[in-house]
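Working notes for the structure below.
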Amino acid sequence: MKKILFVVTSHEDLGNTGRKTGLWLSELAEPYFTFKNRGIEITIASLKGGKVPVDANSCTESHTNPLVKIFLEDDMHLLENTVSLDKVDYHQYDAIFYPGGHGPMWDLSESKENGKLLSDFFNDGKIVGAVCHGTAALLKGMNHRTGEALIKNKNITGFSNSEEIAVGLQDVVPFLLEDKIKEIGAKYWKTEDNFKPYVVIDGSIFTGQNPASGIPLAEKIIEELYSK
């Protein structure tokens with residue numbers, strides 16, 4: 001049986017706004033069921049372990065669909081007691097996957113612990129996947145062969161500047177993800193249509209631009225997992 005480690009944010013404060021953020025639920029639920037329906041075993045971990053903060057906006061009627069509603073009704077307990085990263089043995093998994101929400105922009109993007117775990121997956125030839133702001137979790141990864149950032153010279157996507165502006169948070173987030181990806185030296189790609197599905201693959205790195213990209217991204221990862 002193939003095994004995937006989901007790593008989600010433990011951060012809940014939306015900058016200095018006094019509002020809350022966290023995990024964007026569809027970016028976990030849609031890939032979760034896509035993988036699960038192919039018989040893949042999933043473990044959900046977070047930086048701190050325990051209960052995961054979920055962005056309340058992602059649970060509203062306008063942002064849910066049948067898969068998200070099923071997760072809300074039957075599977076939310078999985079986010080009550082997640083594994084902490086320091087308890088994870090990467091040898092047990094075939095891939096690592098980072099759902100988004102704005103939370104990773106603050107914690108996973110800066111975490112040395114996450115950077116090491118991510119680097120272990122990548123340098124062992126395992127699949128690395130991230131969707132939307134989950135791509136921020138890739139920023140601290142290192143390519144041990146080159147001694148450079150994991151994403152340097154790689155083709156990468158993630159939540160675009162224009163999408164951040166569209167949701168009105170360009171002055172709230174600690175950085176613009178598109179700009180940071182370029183700054184590190186990756187080749188950033190995006191669709192010209194905001195919030196439309198878009199997936200970029202470069203070797204073992206699989207990234208999706210926005211929430212709509214979760215299912216097609218998971219499907220591409222499944223193809224790769226079962227091609228080996």
Side-chain angles (χ1 to χ4, degrees), residues 4 6-9 14 21-38 40 42 44 52 54-72 75-76 79 95-105 108-109 127-138 151 154-170 172-173 176-182 186-202 205-225:
I4 293 181
F6 276 38
V7 177
V8 299
T9 185
L14 188 61
T21 184
L23 166 70
W24 195 261
L25 191 56
S26 69
E27 295 173 24
L28 180 138
E30 292 180 354
Y32 175 86
F33 287 118
T34 304
F35 290 130
K36 186 178 179 181
N37 290 342
R38 287 297 302 271
I40 296 170
I42 301 156
I44 303 176
V52 173
V54 177
D55 193 315
N57 290 323
S58 70
C59 301
T60 60
E61 186 68 26
S62 60
H63 290 296
T64 57
N65 57 37
L67 288 180
V68 177
K69 289 176 180 177
I70 291 171
F71 195 93
L72 278 167
D75 297 289
M76 286 296 284
L79 302 180
I96 190 169
F97 184 82
Y98 294 95
H102 280 88
M105 297 283 282
L108 293 174
S109 69
I127 292 172
V128 171
V131 63
C132 199
H133 291 95
T135 303
L138 308 187
I151 65 171
K154 300 294 185 180
N155 296 292
I156 299 291
T157 190
F159 206 60
S160 67
N161 288 357
S162 60
E163 288 169 325
E164 202 70 80
I165 292 167
V167 299
L169 294 176
Q170 70 275 15
V172 174
V173 291
L176 291 172
L177 185 54
E178 176 182 335
D179 288 351
K180 184 66 74 173
I181 290 169
K182 293 175 180 176
K187 302 169 186 176
Y188 178 82
W189 298 88
K190 64 180 178 180
T191 175
E192 292 305 315
D193 298 320
N194 285 349
F195 308 109
K196 297 296 184 181
Y198 190 72
V199 173
V200 172
I201 302 168
D202 193 331
I205 303 176
F206 291 65
T207 49
Q209 181 176 327
N210 47 40
S213 306
I215 290 176
L217 176 62
E219 289 172 341
K220 291 296 184 183
I221 291 173
I222 289 168
E223 288 177 16
E224 182 66 14
L225 280 172

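For reference, positions follow the sequence shown, starting with 1.
No donor-acceptor contact under 3.5 angstrom links the side chains of T60 and N57, judged on distance only. There is a side-chain donor-acceptor pair under 3.5 Å between E164 and H133.
How far CG of D55 is from CG of L14: 7.5 Å, rounded to the nearest 0.5 Å. Between atom CD1 of residue I205 and atom CD1 of residue I156 there is a gap of 4.5 Å, rounded to the nearest 0.5 Å. In this structure, the separation between CG on L169 and CE on M105 is 9.5 Å, given to the nearest 0.5 Å. With rounding to the nearest 0.5 Å, the separation of CG in N210 from OG1 in T191 is 8.0 Å.
Shown here for A29 and L67, the closest heavy-atom pair between the two residues is CB-O, 4.4 Å. Closest approach of C59 and V54 over heavy atoms only: SG-CG1, 3.8 Å. The nearest pair of heavy atoms linking A136 to P104 is CB-O, 4.0 Å. Scanning all heavy atoms of the two residues, the minimum distance from V52 to T9 falls at CG1-O, 3.6 Å. Heavy atoms only, all atoms of each residue included: L72 and M76 are closest at O-CG, 3.4 Å. For L177 against C132, the heavy-atom pair with the smallest separation is CD2-O, 3.6 Å.
Under the 3.5 Å distance criterion, the side-chain polar atoms of N155 are left unmatched by any main-chain donor or acceptor of I201. A donor-acceptor distance shorter than 3.5 angstrom exists from the side chain of Y188 to the backbone of G158, with no hydrogens or angles considered. The closest donor-acceptor contact from the side chain of T135 to the backbone of T157 lies under 3.5 Å.
A heavy-atom distance below 4.5 Å is not found between the side chains of I70 and Y32. The shortest side-chain heavy-atom distance between Q170 and L176 falls under the 4.5 Å cut-off. Between T207 and I151 the shortest side-chain heavy-atom distance does not fall below 4.5 Å. Between E30 and N65, the closest side-chain pair of non-hydrogen atoms falls below 4.5 Å. Contact of the H63 side chain with the S26 side chain is not registered, since no non-hydrogen atoms from C-beta on lie closer than 4.5 Å. Here the side chains of L217 and P31 are not in contact, with every heavy-atom distance at 4.5 Å or above. Counting heavy atoms from C-beta on, the side chains of E163 and K190 never come closer than 4.5 Å. Between L225 and I4 the shortest side-chain heavy-atom distance falls below 4.5 Å.
Using a 30° and 60° split on the angle between ring planes, F97 and F6 fall in the tilted class, from 30° to 60°. Ring orientation note: the planes of H102 and F159 are nearly perpendicular, at an angle over 60° on the 30°/60° scale.
In this view, Y98 satisfies the ring-ring contact (aromatic ring centres under 6.0 Å, His included) rule with no residue, not counting sequence neighbours.
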Stepwise, does the side-chain contact (heavy atoms from CB on, under 4.5 Å) test hold for F35 with I221? CA-CA 9 Å; F35 290 130; I221 291 173; 3.9 Å; yes
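A salt bridge links E178 to K182: at least one charged side-chain nitrogen sits closer than 4.0 Å to a carboxylate oxygen.
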